[in-house]
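Report on the structure given below.
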Number of protein chains: 2
Amino acid sequence: MEILYYDILTLEVGIITLGAKSLSPAQFLVLGYIIVISIGTLLLSLPIATVNQQGLSLIDSLFTATSATAVTGLIVVNTSTYFTFFGQMVILLLIQIGGLGFMTTSTLFALLLGKKINLSERRILQEELNHFDLAGLIRLVRYVTLLTLGIEFIGAVLLFFKLIYKYPVPQAIFYSIFHSISAFCNAGFDLFGNSLANFTSDFYVNMVITSLFIIGGIGFAVIADLYRYRKFERFSLNTKLVLVTTITLILLGTVVIFILEYSNPATLKNLSLKGKLLGAYFQGVTPRTAGFNSIATGKMRSASLFFTIILMFIGASPGSTGGGLKTTTAGTLIAVVANLVRGEDEVILFKRNLARDIVYKALAVTIISLGWVIFITMILTITETANFLQVFFEAVSAYGTVGLSTGITGSLSTIGKIIIVLTMFLGRVGPLTMATAIGEKEQKGKIKYPEEKVLIG
Amino acid sequence: MEILYYDILTLEVGIITLGAKSLSPAQFLVLGYIIVISIGTLLLSLPIATVNQQGLSLIDSLFTATSATAVTGLIVVNTSTYFTFFGQMVILLLIQIGGLGFMTTSTLFALLLGKKINLSERRILQEELNHFDLAGLIRLVRYVTLLTLGIEFIGAVLLFFKLIYKYPVPQAIFYSIFHSISAFCNAGFDLFGNSLANFTSDFYVNMVITSLFIIGGIGFAVIADLYRYRKFERFSLNTKLVLVTTITLILLGTVVIFILEYSNPATLKNLSLKGKLLGAYFQGVTPRTAGFNSIATGKMRSASLFFTIILMFIGASPGSTGGGLKTTTAGTLIAVVANLVRGEDEVILFKRNLARDIVYKALAVTIISLGWVIFITMILTITETANFLQVFFEAVSAYGTVGLSTGITGSLSTIGKIIIVLTMFLGRVGPLTMATAIGEKEQKGKIKYPEEKVLIG
Ligand SMILES: [K+]
Ligand SMILES: [K+]
């Protein structure tokens, strides 16, 4: 297994050395993920990867490898019964690479091999880590890695105390590690076969798993700020915005799901009050973008599904293991509206002036994301037999790399699977990186055009 | 009938004189529409308004009056069979007031009465007409009125040449006037009982009706520019953007509906090629926001319904008789994305620099609109028995003041009707005017805050 890990990463380092000179950072990242997914697809299609010793079909291997690398968690076959230990390890490895980020993993390995990281490589890291400047990137890689492994270790130990009562020791150890990594990386893959449906009313497991994915989804920069400054006033604007939006979304998610599903016999109705609260809490936080579920997603009311779609679309915080539009993007949009209604002509947030290019970026991310999700939903309503809401849900879940599903993933058509694969990929790489990778940056001389207005609304 | 018109408008003038001093322009407009709708509700609930001589129930009167004033066209009872001539005239009057705009109608009447229009009244006009400055407003009112009546007259004459072969002369005259006004004002009300389903393959009627609502929906400022300058390069940025987005949406709408519905036996399949093209064209342009339909909306495929939802949400052009987000808003958003992908840090459009406050306004309108539509769709999925897509369609249709429906309007619950009434109202008044009317403009001393960034996407 170590040799496998070594092989993939040496290859990565080789590619970086080759490619970093001619490709833009964004193009490089896109290529990197394509290579990781290709290797994953190959490995999962090997006979030793599946219990039936026939390997997965190409499309299902591609789907699973993409879902793992994009830390999404949508599955076409049952991870626990279909894959061998080898297959499950490949998935876990892809999750860890995807969760840390392709370039972070590569840099880490280059560092371990004693290699120097040059400027072009730092530019790629900067694009991947969504960092403001080029300074301190290597320190950031070390910090991100140590933090990830440390939290995953603690998570595994905490899960082990629970799983030891259900499984033999070796299995309990593997399960603890697998689900801790899967939770922290917001991957949503599970080996229980039914996600966390066995633990709906289990306070301990609920808390460990949700803590892991909330911490993983809040972003490394925010964790650093929290650790370093401890007081809200001293945090960066980014950290303040992430904390306020994340807490708001958690509370809103829990309350709305609790109200909407309270009387639904297929989800919360037959649970105790404690079970109802835990179930609502879990289903309210998992769209940010863990993808585990503790109640049957497909049996929720239409209103809850639609509400979950919105939460999934917003997703996690930037520079984290989660996907989606990002909490800061949503926060920025709301801030623009609030300031405009108050008659402000600038965007003031926590006594800071939000830069114009940030607002434009937030707007662009939102429009590209909306456009893509609408486009593929239209196609899927034609290629799939499932109803509109199920298809819409699946599309947003893939784009936000969430992994929740109403249960239609396994019966998607081949075209449907390919669309979802592309969408998970786009969701992981991010619309802006993707757009920058495709759009050529023409460097014409700057022309100053006169300002003019148009009528709005 | 003239006395009725006179009564409503004298009342309006009285209110303006009273209210203009203490209310903000936005608050004043909101109040104005509430009063017009209240009078309409009262009149439609009178026994003489309905054929059964019992008048409409309060909720259905409110619904119909709001739908007419907000030029939406969603109906709970059949306009042609349920209402008397009196009832239909009340509806037509509300459509005309709503189409021209409450303040434009009031100003017009004040002018006819020889009254002077003071500064506070001009401010309200400016808010309603979405005009950049206070100069030339009265000339604009005269121009808007003459243009509207002129085009409606031509439309009625053209329709008369067709309808004379189907109906006795008095009825043909009334029907010609009614449908010309309803089309130009993008109201979508009809007296045929099944909208334009009898005319699916009728080239003449298709062209007259769509020309009326496209001209009505393109905005008075654009028509003036077209008339005055004739050459694209000389148009204002607003006119250029309206023309490009409108033409793009018409082409896109026609092509997509043609492809999606080509093989659908419930809509286009059994028509000749000419019928298919006309049907697709009509259904592709009616979301901008006419609300007539020539094929059965409710029988279109899910993909077409979803696509129509997007078109309805975008809607017509600003300063027109149509509703929705507006073509310029959508165009601005796309321009921001295109410029960002090209690596520009400013928004360049037709060699003009789009002002920052316009982009922020576009963003705010979009977010408020999305927020409202999502919110009411969630509520409607609980209160109504119709499926998600039908309910979503109805919500967006009401917000965009479009008036298309999958056929669920008549069987909405009372709560559902109230929500749709509020939504049509909000859609007509416009989210920004509404937000400004509610939000109090605190005029604190301007504090300059330092600029800071957040991570996006
Ligand atoms: K996930
Ligand atoms: K309409």
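First the proteins, then the strands, lettered A, B, ... as listed; each starts at 1.
Of the two parts of Leu380(B), neither the backbone nor the side chain holds a non-hydrogen atom closer than 4.5 Å to a non-hydrogen atom of chain A. Using a 4.5 Å cut-off between heavy atoms, Val391(B) makes no contact with chain A at all. For Leu305(B), no part sits under 4.5 Å from any heavy atom of chain A, backbone or side chain.
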### Audit row: Arg356(A), Tyr360(B), side chain to side chain contact (heavy atoms under 4.5 Å, CB included) steps and yes/no
CA-CA 9 Å; Arg356(A) 186 188 68 173; Tyr360(B) 284 12; 3.8 Å; yes
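Applying side-chain contact (heavy atoms from CB on, under 4.5 Å) to Ile367(B) and the options Leu333(A), Leu340(A), Leu363(A), Val336(A) leaves one that passes, Leu333(A).
With chain B as the partner, the residue from Ile374(A), Thr239(A), Val242(A) showing the most heavy-atom pairs under 4.5 Å is Ile374(A).
Classification of the Phe388(B)-Phe392(A) ring pair by plane angle, with boundaries at 30° and 60°, yields tilted.
Annotation: Ile415(A), atom CD1; neighbour count of heavy atoms from other residues, nucleotides and ligands within 6.0 Å does not exceed 12. Within 6.0 Å of the CZ atom in Phe375(B), the count of heavy atoms belonging to other residues, nucleotides or ligands does not exceed 12.
In this structure, Arg301(B) CZ and Met378(A) CE are separated by 12.0 Å, a value rounded to the nearest 0.5 Å. Here the straight-line distance linking atom OG of Ser302(A) with atom CD1 of Ile382(B) works out to 9.5 Å at 0.5 Å rounding.
Val337(A) and Ala364(B) make their closest contact through CG2-CA, 3.7 Å (heavy atoms, listed as atom of the first residue, atom of the second, distance).
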